[in-house]
Amino acid sequence: MREFEVPATYTIPEDANMSDGAFRHAERDPGMVVFNRPDGKGGWYDVTAAQFAEQVTAVAKGLIASGIELGDRVAILAATRYEWVVLDFAIWAAGGCTVAIFDSSSAEQARWILSDSGTKLIAVETAKHRATIAEIEDGLPDLGEPLVIDEGAIDSLVERGKDLGDEAVHERRKQVKASSPASLIYTSGTTGRPKGVMLSHSNLYAESAAERAAMPEFMVPGRRSLLFLPLAHVFARAVALSAFDAGVIVAHTADWSTLVDQFGAYKPDFIVSVPRVFEKVFNGAKQQAHDGGKGKIFDLAAEVAVEYSQALDAGGPSLALKIKHTVFDKLVYGKLREAMGGRCTSAVSGGGPLGLRLGHFFRGIGVTIYEGYGLTETTAAFSVNTPGQLKVGTVGRPLGGHAAKVAEDGELLLRGPVVFSGYWNNPAATDDSHVDGWFKTGDLGAIDEDGFISITGRKKEIIVTAGGKNVSPAVLEDSLRAHPLISQVMAVGDGKPFVGALVTLDREALPGWMSRNNIPADTPIEQLIERPDLVAEIDKAVAETNKLVSHAEAIKKVRILPVDWTEESGELTPKMSLKRAVVMKNYASEVESIYS
């Protein structure tokens, strides 16, 4: 049983309050730019440290005037935007605890979170969100009148607190301890009711300090990053805090549909994302090349990029490989870097497995992706690859002050200051999540001799076929999703004679493929998935994937669906993870048809 620990390079003050950074920046460098906000004309305007601290103080006074006491829960139900951050810091400055709710949450999901957390006040983004809360507020007698960000929630809070002195905020801040709850984040959950993960100021402080210590190349004052992941998710929140504490300038957007255009306009120095976005960048570029008759050039360039990256770990590329790489840098790689803004030479990936293929490809084109690993219960990143410690295909070494080990059954166990203090109102679940002081991740993993962690699957998602073969679906699903035509995949086969898979198609990639294969553009999807040429294309991808596993683990049969899975339709979580139980329930007949 291998165990690996990295010593800490920081200490956590007993009175740590995550709002302190706003006032520290304002005192040390009031003119420092900390945020960029859209100006409504396609450009951006600056928010200085002094302006941000002033706004946080004014909103915190409004919260205190609204009756928020030390430890009270205040919820934010909104997409990623600047006001989210202002409210978060103001809640901490007022001594409260932020309850993060995804803006896509249903009324019933919001009801459970608000009820379980005992939330006293909520800020929502839009009138539509206000209507969602109106459906459930009769059963929430302690919840005050919701504030609507689009209708002036920030100004309303400032007005409420205008008669209070700033000292009211600073006195409240002094009452907060490092151990005080800073945020409740309810795990989106693939089954059952979400559990409220209670993160303290100490957890968030440790995450920020450890990330900044591990990645000083990223966390440089004046560098810029465009944050588009949902701030209700711990990954975006933690990186945003680390960036703010380091003096990185952050801009916000919630529009994923025009990310490439936004990258080009904002020109971030680094990008923080989930793997699906990197997959879409790669697949989109590949599809565009094939549609334009340059598919062979792109495919060869991709092979060279992967080979070049692999050579960096094996003594360096040969002269011939360097020459090919230089040629493709002008033909292909430079254009891909321009699509990411032109200034971005590195990125951080989390929230799911990136995979060797994408890791080597992006590194080979000059945009190294540093993959990390963590859970809501570990305040986001627990481990991460860094410029000084990188092994593509792993999720890096533990952050400073943390230890990891693998249990006898292969489960990854973690320990350290970013590990949460418990589930809100659920001591039984808290006790069940730990063993001998170690947090049980539910993930299967391995640790090599240098301390690099690899995630090999989910303990609860292991497929056990009728023949008794244990199969981890992740390697099969990740490989198949690499195909431009494929959007989502779920391997099946628990208790069945062989492994099968449900496959959905990428609607953005289909038109180009249909055109190249002389298929009428108005062909219904129900007919398209039955065509021998499309079936052959998917079968070819399955054959390539099966080369990665043993015969007993290989996918023997697939079922192509005429629909895609989305968060809105209920099959995906907000971080784009499969809700396997939901898929199995909704598509039981399709699964059964694989084995009939």
Side-chain angles (χ1 to χ4, degrees), residues 8 10-28 32 34-35 47 49 52-61 63-64 68 70-76 80 82-100 117 123 169-185 196-213 219 227 231-248 250 252 374 376-381 399 401 416-421 424:
Y10 55 90
T11 56
I12 303 172
E14 291 185 2
D15 61 349
N17 181 327
M18 289 308 293
S19 70
D20 292 344
F23 303 99
R24 183 170 56 249
H25 282 327
E27 181 180 347
R28 294 178 180 176
M32 179 177 69
V34 288
F35 295 106
V47 177
F52 182 64
E54 181 180 359
Q55 192 168 25
V56 167
T57 302
V59 174
K61 289 193 291 185
L63 291 171
I64 293 171
I68 297 302
L70 187 69
D72 280 349
R73 274 75 61 204
V74 180
I76 305 174
T80 295
Y82 171 73
E83 292 87 351
W84 213 113
V85 183
V86 172
L87 286 164
D88 204 16
F89 274 75
I91 292 165
W92 292 332
C97 172
T98 303
V99 179
S117 63
V169 174
H170 299 305
E171 283 299 317
R172 184 66 65 83
R173 284 174 54 220
K174 292 177 183 177
Q175 298 176 53
V176 175
K177 304 299 181 186
S179 58
S180 300
S183 188
L184 294 182
I185 302 178
V197 177
M198 183 169 56
L199 299 177
S200 66
H201 288 273
S202 177
N203 292 143
L204 293 170
Y205 186 101
E207 180 72 21
S208 174
E211 280 188 13
R212 285 180 282 130
M219 302 300 178
L227 187 67
L231 278 165
H233 192 277
V234 71
F235 179 35
R237 189 106 159 278
V239 174
L241 283 171
S242 302
F244 177 81
D245 287 341
V248 173
V250 175
H252 305 90
T376 306
E377 289 89 344
T378 64
T379 325
L399 294 172
V418 300
V419 177
F420 76 134
S421 53
W424 185 260

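- Between V169 and K61, the closest heavy-atom pair is CG2-CG, 3.4 Å.
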Point to revise | Worked check of side chain to side chain contact (heavy atoms under 4.5 Å, CB included) between I68 and V74 | key: CA-CA 8 Å; I68 297 302; V74 180; 3.7 Å; yes
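- Salt-bridge check for E171 with K174: passed, with a basic side-chain N closer than 4.0 Å to an acidic carboxylate O.
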Exercise for review: Please assess R24 against D245 for the test side chain to side chain contact (heavy atoms under 4.5 Å, CB included), listing each intermediate value before the final yes or no.
Suggested key: CA-CA 9 Å; R24 183 170 56 249; D245 287 341; 4.0 Å; yes
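- Nearest heavy-atom pair across W84 and T98 is CH2-CG2, 4.2 Å.
- Here the two rings, on H25 and F52, have centers that are 6.0 Å apart or farther.
- Between the side chain of T80 and the backbone N or O of L231 there is at least one donor-acceptor pair closer than 3.5 Å.
- Here the closest non-hydrogen pair linking N203 and S421 is OD1-N, 4.1 Å.
- Contact record, W424 with S117: NE1-CA, 3.5 Å, taken as the closest heavy-atom pair.
- Side chain of H201 to main chain of M18: a donor-acceptor pair is present (N/O by atom type, distance under 3.5 Å, no hydrogens or angles).
- R73 contributes a side-chain N or O that, together with a main-chain N or O of G71, makes up a donor-acceptor pair within less than 3.5 Å.
- Side-chain atoms of S242 come within 3.5 Å of backbone N or O of A238 as a donor-acceptor pair.
- One finds the CZ atom of F235 at 12.0 Å from the OG1 atom of T376 (value rounded to the nearest 0.5 Å).
- Close placement of the F89 and F244 rings is indicated, their centers lying within 6.0 Å of each other.
- Smallest separation of non-hydrogen atoms from C97 and P181: CB-O, 3.7 Å.
- Between E211 and M219 there is a side-chain heavy-atom pair separated by less than 4.5 Å.
- Atom CG of residue D15 and atom CZ of residue R173 lie 9.5 Å apart, to the nearest 0.5 angstrom.
- Considering CZ of R172 and CD1 of I64, their distance stands at 4.5 Å, rounded to 0.5 Å.
- Around the CD atom of Q175, the shell of radius 6.0 Å holds more than 12 heavy atoms that belong to other residues, nucleotides or ligands.
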Practice item. Would you sort out whether V85 and H252 count as a side chain to side chain contact (heavy atoms under 4.5 Å, CB included), showing the intermediate values? Key: CA-CA 10 Å; V85 183; H252 305 90; 3.5 Å; yes
Point to revise | side chain to side chain contact (heavy atoms under 4.5 Å, CB included) between E207 and L399, worked out | key: CA-CA 8 Å; E207 180 72 21; L399 294 172; 4.2 Å; yes
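- The CG atom of L227 sits 14.5 Å away from atom OH of Y82, with the distance rounded to the nearest 0.5 Å.
- Of the charged side-chain nitrogens involved, at least one lies within less than 4.0 Å of a carboxylate oxygen, so that R237 and D88 count as a salt-bridged pair.
- At least one test fails for R212 against the ring of Y10: distance under 6.0 Å to the centre or angle within 45° of the axis.
- Between the OG atom of S183 and the CD1 atom of I91 there is a distance of 8.5 Å, given to the nearest 0.5 Å.
- Judged by distance alone, the side chain of T378 and the main-chain N or O of G374 form no donor-acceptor pair under 3.5 Å.
- Here the side chains of Y205 and S200 are not in contact, with every heavy-atom distance at 4.5 Å or above.
- Side-chain atoms of T379 never come within 3.5 Å of backbone atoms of L204 as a donor-acceptor pair (strictly under, hydrogens ignored).
- Of all heavy-atom pairs spanning V56 and A93, the tightest one is CG1-CB, 4.3 Å.
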